[in-house]
Amino acid sequence: MNSYYSDRASTSGADRPIAIVGLACRFPGARNTDELWDLLCDGVDATRAVPRSRFDIDEFYSQVPATQGKVASRRCGLVADADKFDAEFFGIGSYEARLLDPQQRLLMMAAWEAFEDAGQPPEQYRGSRTGVFIGQMNSDYWDLQSRRDPADLTLYSFTGSHQRSMAAGRLSFTFDLRGPSVVVDTACSSSLLAVHQACQSVRSGESAMAVAGGVNLVLTPNANIMYSQARMLAPDGQCKFADARADGLVRSDGVAVVILKTLEQALHDGDRIRAIIRGGAAGNDGGDRPHITAPSLNGHRQTLESAYQAAGVRPADVDYLEAHGTGTRIDLVELTAFAEVLGKDRPADRPLLVGSVKTNIGHAEAAAGMAGLIKTVLCLEHGQVPPNLHYETPHPKFDWENAPLIVPTRMYELPSQDRPWIAGVNSQGISSTNVHLVLAQARRDKPRDPAVGRPHLLALSARTEDALNDLVSSYLAYLASGGPGRAHSLRDICFTAGPRRAHHEIRLAVVGATHDEILAALHSRRDPLPPRVLDDDRRLLEQAAQEYAATGSAAWEQLCEPFASCVPVPGYPWQLARFWLGDEPEAEDG
């Protein structure tokens, strides 16, 4: 294996690095990873007042801390359209969809988006030993169902909401994945532990590939009330990690999924590698604390040491560390552990940058580790660390003068060096299960230049005519002058949209040698282009386009130019409709 990726003598067996080849997410203020990065760079706090569509915050709010039955904060971080789903796409009837926990619905769409981002058509993995590992800790939708008339409870209530194991089982069923299917609940470290377990499964060969992630939705005030009783909610709704004013967290929604392979397999398959997981560790604080909910410095320190030993990385070489960073008493424990383990032997001119995505989007609980992981991948890809919000006065009980740590309040460039950037992601649950993953920057090879003037076939498809129209509109914006598609060669765009995508019943294919020609061809669906004299290459591609539109098949090996790479292209345009308890008629399809 190329030494860029590993400085260890052996890369076989349990120490093999894992490639993250696909990412998808939905967090407050961000529908995907690009929007999340923009939000982070712009220093946006995406939390907001709880709307009545979730629960009546006016009924439950109290300014007096720890008031019985009341919540201490009016704010949460909420994702858009949590009540909506493309049920038809997944072949689910409307009656079942209304009883299906929106956490499962969001996971299904996020998993599809992660497969697309990875350039892995899901049908290629049907029947494969692909594992599914999902972090989930709350079941608010079941709580809402269980309050209703018991006569309303059906099999769909059981499989859709009551059984939390179905969060993973639903994905295994939907995509016909035959590896382990596991739901992990260690509270707020659930999703990062799910990723760690997925890595272990892939390393051991138990899973040939893994789908890992986490999900969380705030649908009732119940947990907010309990957090308020424990004085864990920040009254102003701001997560103030590492700050003297830190007085609690703000709860939030979130869903995210990653696709994992061994690095060897990803390189062999020609995948776009987003980042590399060099190793990690998980542990528990055990009884080394005054009571069950208190964090332990020893527990954090031991997990950090084990993670870097497993990764074969010197802690002093870490460039960025994404903390659990809740703005609670855990902050001091984390900062102290980071200083002791990662500050040792660190050059004075290269302090450790430490931040927390929770200052932007709140605490996504079971999905919080995924939020930190995805932020860290984006930092490694861009070579930058965005500002940490709500950080004004450093925590007074931490020895900042003697600790080589910086909490960035502006955009920082990662240091120039002759090795990949290294980053850590930390997570901790109320169960005191600590998880730490060690990531490395993926190599960015310069793509080979495509043949000048060679025409290409762009194949687009969807489940419905409306969806196909939406997909075409997305490509028109993507390929337009100044659009993100102009950063990529037409060769790579058409390769990604062709053999690297799933293909559906409603299809369209166009041919062009430049971005502008493809744009004109897409526009010509409404205004046909004048007849043209075609050379042999174009005639062959035009015939292939007609065959693809009619049958859905294409000889991609012959149609795609050699050395093409997978690049970001528009994803499937979900046709969302509301499905929610109380909206349903009688069981018309179940």
Side-chain angles (χ1 to χ4, degrees), residues 24 26 31-32 79-100 102 104-117 119-126 156 160 170-171 173-176 255 257 457-479 485 493-494 496-510 518-519 521-528 544-554 568-580 583-585 588-590:
R26 190 181 303 182
R31 294 168 296 178
N32 51 53
V79 300
D81 297 329
D83 58 340
K84 296 178 181 178
F85 179 50
D86 192 340
E88 183 178 358
F89 180 89
F90 292 101
I92 294 176
S94 59
Y95 179 74
E96 181 180 5
R98 291 185 183 98
L99 296 176
L100 184 59
Q104 290 189 33
R105 301 183 329 211
L106 289 170
L107 278 169
M108 293 164 72
M109 293 189 290
W112 183 274
E113 292 166 355
F115 274 118
E116 285 195 326
D117 184 67
Q120 313 289 322
E123 66 268 17
Q124 293 184 8
Y125 293 93
R126 290 194 171 276
Y156 291 144
R170 179 74 59 176
L171 298 185
F173 172 77
T174 299
F175 300 106
D176 189 19
V255 59
V257 171
L457 182 149
L458 177 66
L460 306 179
S461 68
R463 294 283 173 88
T464 67
E465 288 285 356
D466 287 344
L468 183 59
N469 288 334
D470 288 347
L471 185 60
V472 170
S473 295
S474 295
Y475 268 89
L476 290 173
Y478 172 78
L479 294 168
I493 291 169
C494 292
T496 306
R500 288 291 195 151
R501 276 289 190 269
H503 297 280
H504 308 290
E505 297 86 349
I506 312 299
R507 295 176 293 270
L508 163 73
V510 295
I518 292 290
L519 272 174
L522 290 174
H523 279 297
S524 74
R525 296 180 71 213
R526 304 179 183 90
D527 303 305
Q546 294 176 10
E547 180 180 355
Y548 170 80
T551 68
S553 62
V569 300
Y572 190 86
W574 302 116
Q575 304 299 291
L576 299 175
R578 175 181 164 89
F579 297 95
W580 208 255
D583 294 346
E584 70 269 20
E588 73 276 11
D589 52 10

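This chain uses plain numbering: 1 for the first residue, then up along the sequence. Note that this is a predicted model, so its numbers are computed, not measured.
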>> Applying side-chain contact (heavy atoms from CB on, under 4.5 Å) to F85 and M109, what does each step give before you reach the verdict?
In response: CA-CA 8 Å; F85 179 50; M109 293 189 290; 4.0 Å; yes
>> Could you walk me through whether Y572 and E116 satisfy the side chain to side chain donor-acceptor pair (under 3.5 Å) test, starting with their C-alpha distance in whole Å, then the side-chain angles of each, then the deciding distance to 0.1 Å, before giving a yes or no?
In response: CA-CA 8 Å; Y572 190 86; E116 285 195 326; over 6 Å; no
>> Would you say CZ of R31 has more than 12 non-hydrogen atoms from neighbouring residues, nucleotides or ligands within 6.0 angstrom?
In response: no
>> Ignoring hydrogens, what is the shortest heavy-atom contact between A462 and A467? Give both atom names and the distance.
In response: CB-CB, 3.6 Å
>> If we ignore hydrogens and angles and just use 3.5 Å, is the side chain of T174 paired with the main-chain N or O of L171 as donor and acceptor?
In response: no
>> By the definition side-chain contact (heavy atoms from CB on, under 4.5 Å), identify the one residue from L522, I518, L471 that meets it with L476.
In response: L522
>> As an exercise, state the distance from CH2 of W112 to CG of D86, rounded to the nearest 0.5 Å.
In response: 10.5 Å
>> If we ignore hydrogens and angles and just use 3.5 Å, is the side chain of R105 paired with the main-chain N or O of A97 as donor and acceptor?
In response: yes
> Does the Q104 side chain pair with the main chain of G160, one donor and one acceptor, at a distance under 3.5 Å?
Replying inline: yes
> Distance from R463 atom CZ to I506 atom CD1, nearest 0.5 Å?
Replying inline: 10.5 Å
> What's the verdict on side-chain contact (heavy atoms from CB on, under 4.5 Å) for Y475 and V569, showing C-alpha distance, side-chain angles and the deciding distance?
Replying inline: CA-CA 8 Å; Y475 268 89; V569 300; 3.5 Å; yes
>> As a quick check of understanding, evaluate side chain to side chain donor-acceptor pair (under 3.5 Å) for H503 and Y548, giving each step before the final call.
In response: CA-CA 10 Å; H503 297 280; Y548 170 80; 2.7 Å; yes
>> To check you understand the geometry: which heavy-atom pair defines the closest contact between R26 and V79, and what is its length?
In response: O-CG1, 3.6 Å
> For E88, does the CD atom have more than 12 heavy-atom neighbours from other residues, nucleotides or ligands under 6.0 Å away?
Replying inline: no
> Under the 3.5 angstrom rule, does the side chain of S461 hit a backbone N or O of R507 as a donor-acceptor pair?
Replying inline: no
> Which value, rounded to the nearest 0.5 Å, describes the distance between R98 atom CZ and I92 atom CD1?
Replying inline: 13.0 Å
> Can you tell me how far the CD atom of Q124 sits from the CZ atom of R500, to the nearest 0.5 Å?
Replying inline: 8.0 Å
> Distance from L458 atom CG to L508 atom CG, nearest 0.5 Å?
Replying inline: 7.5 Å
>> Measuring from atom CZ of F90 to atom CZ of F175, what distance do you get when rounded to the nearest 0.5 angstrom?
In response: 5.0 Å
> Checking side-chain contact (heavy atoms from CB on, under 4.5 Å) for the pair N32/E113: CA distance, chi angles, key distance, verdict?
Replying inline: CA-CA 9 Å; N32 51 53; E113 292 166 355; over 6 Å; no
